[in-house]
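Just below is one structure, and these are the notes that go with it.
Just follow the structure's listing: the first ligand is 1, and inside any ligand the first atom is 1. Values below: all heavy atoms of this structure, side chains included; hydrogens, waters and symmetry mates excluded.
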Amino acid sequence: MENCLFCKILSGEIPSQKVYENDYVYAFRDINPQAPVHVLVIPKKHLASLDDTDNASDRDLAECLRAVRLIASRENLANGYRVVSNCGPDACQSVHHLHFHIIGGRKMEEKMA
Ligand code: DGP
């Protein structure tokens, strides 16, 4: 998708710190980490957000969640972690390519928003 920042990361046009990749997903460290571990998991297929998942296969979506679990384990987040997907303007989504934030490595606040 032209002009999509995360598609440019996927193609290598914009560099990123890769954490994990398979045929369906790519994961990399957030440029502005909000915790000791802050990783973004994206589907390789361009989907704008969770509102765009009618265009996704079940495999595209399931692989994102499988990657979350695998990365959490590799990043030693056995004590817990938070997974966030901002969807739309009220959630302050800033990059319009579906992504899941994995945030961990410290105690989170109970209040989520
Ligand atoms: P959201 O607000 O949910 O759309 O989150 C977008 C995230 O993307 C935000 O936490 C910062 C991150 N981000 C933006 N630009 C870049 C970039 O060029 N590289 C990396 N690694 N992360 C980026």
Side-chain angles (χ1 to χ4, degrees):
M1 179 66 77
E2 249 178 80
N3 291 325
C4 168
L5 180 69
F6 287 173
C7 285
K8 287 181 180 170
I9 282 179
L10 263 178
S11 72
E13 188 179 337
I14 294 176
S16 64
Q17 261 188 285
K18 178 164 109 172
V19 171
Y20 176 74
E21 181 174 18
N22 70 17
D23 287 347
Y24 295 88
V25 305
Y26 184 75
F28 54 102
R29 299 205 185 275
D30 195 290
I31 204 168
N32 183 24
Q34 299 192 21
V37 175
H38 189 162
V39 172
L40 301 173
V41 178
I42 65 172
K44 287 190 169 177
K45 179 179 170 64
H46 178 88
L47 302 163
S49 73
L50 282 172
D51 273 348
D52 192 24
T53 48
D54 282 353
N55 293 316
S57 69
D58 290 350
R59 187 84 193 257
D60 290 322
L61 301 174
E63 289 287 343
C64 286
L65 296 182
R66 289 217 165 84
V68 166
R69 196 203 70 77
L70 184 73
I71 293 161
S73 165
R74 286 186 180 174
E75 297 284 327
N76 301 309
L77 300 180
N79 213 39
Y81 54 94
R82 186 164 281 168
V83 180
V84 174
S85 187
N86 294 320
C87 181
D90 275 3
C92 302
Q93 182 182 4
S94 62
V95 180
H96 297 278
H97 184 129
L98 176 64
H99 52 283
F100 297 88
H101 298 254
I102 305 172
I103 303 163
R106 66 164 165 79
K107 176 80 175 158
M108 302 286 138
E109 289 164 30
E110 273 187 43
K111 195 165 158 39
M112 279 194 286

Specify the protein heavy atom at minimum distance from [atom]: its residue, its atom name, and the distance to 0.1 Å.
atom	value
atom 2 (O) of ligand 1	Ser94 OG, 3.1 Å
atom 9 (C) of ligand 1	Asp30 OD2, 3.3 Å
atom 15 (N) of ligand 1	Leu5 CD2, 3.2 Å
atom 21 (N) of ligand 1	Arg29 O, 2.8 Å
atom 1 (P) of ligand 1	His99 NE2, 3.2 Å

Quiz item: Parallel under 30°, tilted from 30 to 60°, perpendicular over 60°: which one fits the rings of His101 and His38?
Solution: tilted
Quiz item: Regarding Ser57 and Tyr24, is there a side-chain donor-to-acceptor distance under 3.5 Å anywhere?
Solution: no
Self-check item: Side-chain heavy atoms of Arg29 within contact of Val19, under 4.5 Å
Solution: yes
What part of [X] sits under 4.0 Å from ligand 1 if we count only heavy atoms: the side chain, the backbone, both or neither?
X	result
Cys92	backbone
Gln17	neither
Ser16	neither
Phe6	side chain
Ile31	both

I need the minimum non-hydrogen distance between [X] and [Y], along with the two atoms involved.
X	Y	result
Ile71	Ala27	CD1-CB, 3.4 Å
His46	Cys7	ND1-SG, 3.5 Å
Gly104	Ala35	O-CB, 3.4 Å

Quiz item: So with a 6.0 Å cut-off around CZ of Arg82, is the heavy-atom count from everything else above 12?
Solution: yes
Quiz item: Is it the case that more than 12 heavy atoms not belonging to Asn79 sit under 6.0 Å from its CG atom?
Solution: no
Exercise. Look at ligand 1 and say whether Gln34 reaches it with a heavy atom at a distance under 4.0 Å.
Key: no
Quiz item: Can a non-hydrogen atom of Val84 be found less than 4.0 Å from any atom of ligand 1?
Solution: no
Self-check item: Proximity winner for atom 3 (O) of ligand 1, if only heavy atoms of Asn86, Leu40, Val39, Asn32 are counted
Solution: Asn86
Self-check item: Value rounded to 0.5 Å, distance of CG in Leu40 from CZ in Phe6
Solution: 5.0 Å
Self-check item: For Gln93, the ligand 1 atoms whose distance to one of its heavy atoms is below 4.0 Å
Solution: 4 (O)
